Amino acid sequence: MELLKTKKGNDMDTGYSNLLKEVQQLGCFGSVKFSAGIYDTIKYKNKVDRSPDKIWKSVLDSDRVQWIANGIARDHNSDKQDIMMEASRILNEMAYKEHLNLVRAFGGVMYHTMNALYKDGVFYNTDSVNSIRSAVKQHPVILMPSHRCYMDFLVLSVLSVHLDLPLPAIASGMDFMSMKGVGFLLRSSGAFFMRRSFGSDKLYWALFTEYVHSIIINGDRTMEFFIEGTRSRSGKSLNPKLGLLSVVAEPYLKAQIYDVMIVPVSISYDRILEESLYAYELLGVPKPKESTSGLLKIGGIFSNNYGSLHIHFAKPISLRQECASMDRAIHSCYPRYMLRLTPQEQKGLTNLAYKIVRTQQANMVLGLWSLVATLLLQAPTGIEFRRLTTEIQWLLDLLRKCNVKVRIRSGNLADVLKSILFQYDHLVHLDSKDSAYGRVSIKGSARLYVKERTTKKLNTSLSDVLRDEAAIVLMLASYKNQMLHVLVRPALFVVSVGDRLSIEADSLDVRTAFQFLRRIFQREFIFSPNFSESDFEEGYDFLLDAGAFRIDGSVLHASARGQKLAVFLKGIVCPFLQCYLTVCKYLKHHYHACEIKQLISNVQIWISERIVGGPSVLETLSKDMISNALHGAIDVGALNMRKEDGSQIVYPRRKAVGLLADQLSSVLDGKPQIMESCHTVAASSKL
């Protein structure tokens, strides 16, 4: 494990440099110098300088756009000139602008903003900077950051100016374009705006694709987009979207460029700005529309300490090397503006997409608060402060075996913990000023949760009391979820073994149970579709290294010292298993067809009326988790989903749902029995 102890004046020893401190070292007018200094950026060797207007013209004149415009004019018996006017309007809506002076001023504002929010520092790893500089000179570069916060959009732009890297062209959603002033500012800083869905709009797709290709091939800027597609509200990485990656790969597959360098970027936050907003969204409160007035109302956040922010650039990934086994010659048989990905290319890009997300996960920097939140969620009635300190040290030792980066403030661990609890006192409670004798608990967790205590409602199907208590738990869960990628595979292995004290090292029962859980959790966690066996081996090796099992010939024996780890790992996945089982129980009683969004709301209400248990049970109220459970049931064949009149309608298969419920129940009871596939049951029954 790389332990990041941020001792004052010694940040470089950790492999990270503090951006804020480097600017402060410029003197009392450091921020002014930062925003107004000489910006001598590195350039791609084949770049031809051109203005945004010239990029725009090259897109309109491209063979792809002309071909699509001719086709639309022919199919709809319309005037091509009208279609090209519409194309110009779309590009005007989409394209970025260049206002360097405005960018400089905005950089100064962003510096002051980060300095006020992240009082512990904004860190970036120094070991990859030179390799990125070299890559920018030789090839087009694509930055692919993780996406947890609105701050992700601009933090890389600020850092690029600081490091004399090209300002990235940022693929942004249309939501931001309508914000008065902010949309113009983002566009001037390099953001170009795209619709969330292109649907069957061939002209829009052609313009967007050609616009991205033009920037990549000429190397006008580095490009930045979020492979997850949207911000993760739950703290977990989201499964990658392949649309933009396919667009980026196309110029290479058509031999228009020699290579593309992809840089996965991990952006880690001690505390998320939108933590409360996300929790209430997961509970069904509508997301507020992005607006400038809403942005101006967040001034109160500057009175809080949001800890630190870490940006980790991974080693650039060569698209040429990743696609080395692909035969690009097949694309020479038809015009370049027509691309049909082969099954081999689709599989290769899928593997690459998951590799990018796994790389992002591997380079995340955990804050100590993530460990605290994880332990508190497994202690329904709270935990003594002394024991919490001991458990944190045990968890740190465990993570050391995984080579996980954990940021720990310098000082005595107990003192550091006490300061963290004070920082997050909106979520947890320490019941004594003398921490040595205090007890730490989640706010609102002193009682068991029974049926709803009030009928008053506010923009959600849940009561006010239950909603607010669940929001606190979901905020904690979002920090716990930041470390799930490290523990999910060994956790699934442990629950696949169940209560057995010894098993055959190559037990088919364990493998079957593991693959069943991996399949149903395919949307919950990051599992590459083509690496199921390596996931099993990863969980197996982790537990052997941690001493949870000892091997005697061909038999695995659970060790006494591994009992604590096994209980902890079961606690990690238990809320997910409980939610998925509860969804199945609902479907057994309500087996009529239903539109999926309505079904998610119905399940949430049904769960809220039957909640009995501690804080971890409240995690099952998350609409994100319920949605994943329903899609997991679809993936294993317990549900069928069809599109009807533009809506997604779910049809439960009663016998298959019953089988799935029995299988999940057996896993939770420690006696996993996965004997028959839901697909087999569904195929043999009309119900």
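Since this is a predicted model, take the numbers as computed values, not measurements.
Both tests hold for R642 against Y651: distance to the six-membered ring centre under 6.0 Å, angle to the ring axis within 45°. Because its NZ or CZ atom is both nearer than 6.0 Å to the ring centre of Y150 and within 45° of the ring axis, R231 counts as a cation-pi partner of that residue.
You'll find the side chain of L577 stays beyond 4.5 Å of the side chain of L581, heavy atoms only. Inter-residue side-chain proximity for M144 and I262 is flagged as met; some heavy-atom pair is nearer than 4.5 Å. No side-chain heavy atom of K355 sits under 4.5 Å from any side-chain heavy atom of N351. Under the 4.5 Å side-chain criterion, counting only non-hydrogen atoms from C-beta, F493 is not in contact with L569.
In this structure, a donor-acceptor pair under 3.5 Å is present between the side chains of D152 and Y269. If you check the side chains of S647 and E595, you find no donor sitting under 3.5 Å from an acceptor. A donor-acceptor pair shorter than 3.5 Å cannot be found between the side chains of S502 and R550.
Side-chain N or O atoms of R387 include none that pairs as donor or acceptor with a backbone N or O of E384 at under 3.5 Å. No donor-acceptor pair under 3.5 Å is formed between the side chain of N628 and the backbone N or O of E524. Side-chain atoms of T620 come within 3.5 Å of backbone N or O of V617 as a donor-acceptor pair.
The minimum heavy-atom distance linking G637 with A656 is given by the pair O-CB, 3.9 Å.
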* To do: Could you walk me through whether E538 and R518 pass salt bridge (Lys or Arg N to Asp or Glu O under 4.0 Å), step by step?
  => CA-CA 13 Å; E538 186 177 329; R518 183 185 181 278; over 6 Å; no

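Classified by interplanar angle (parallel below 30°, tilted 30° to 60°, perpendicular above 60°), the ring pair F521/F525 is perpendicular. Ring geometry, H590 versus H592: the interplanar angle exceeds 60°, so the pair is classed perpendicular (tilted spans 30 to 60°). Under the 30°/60° scheme for interplanar angles, the aromatic rings of Y479 and W369 are found to stand perpendicular.
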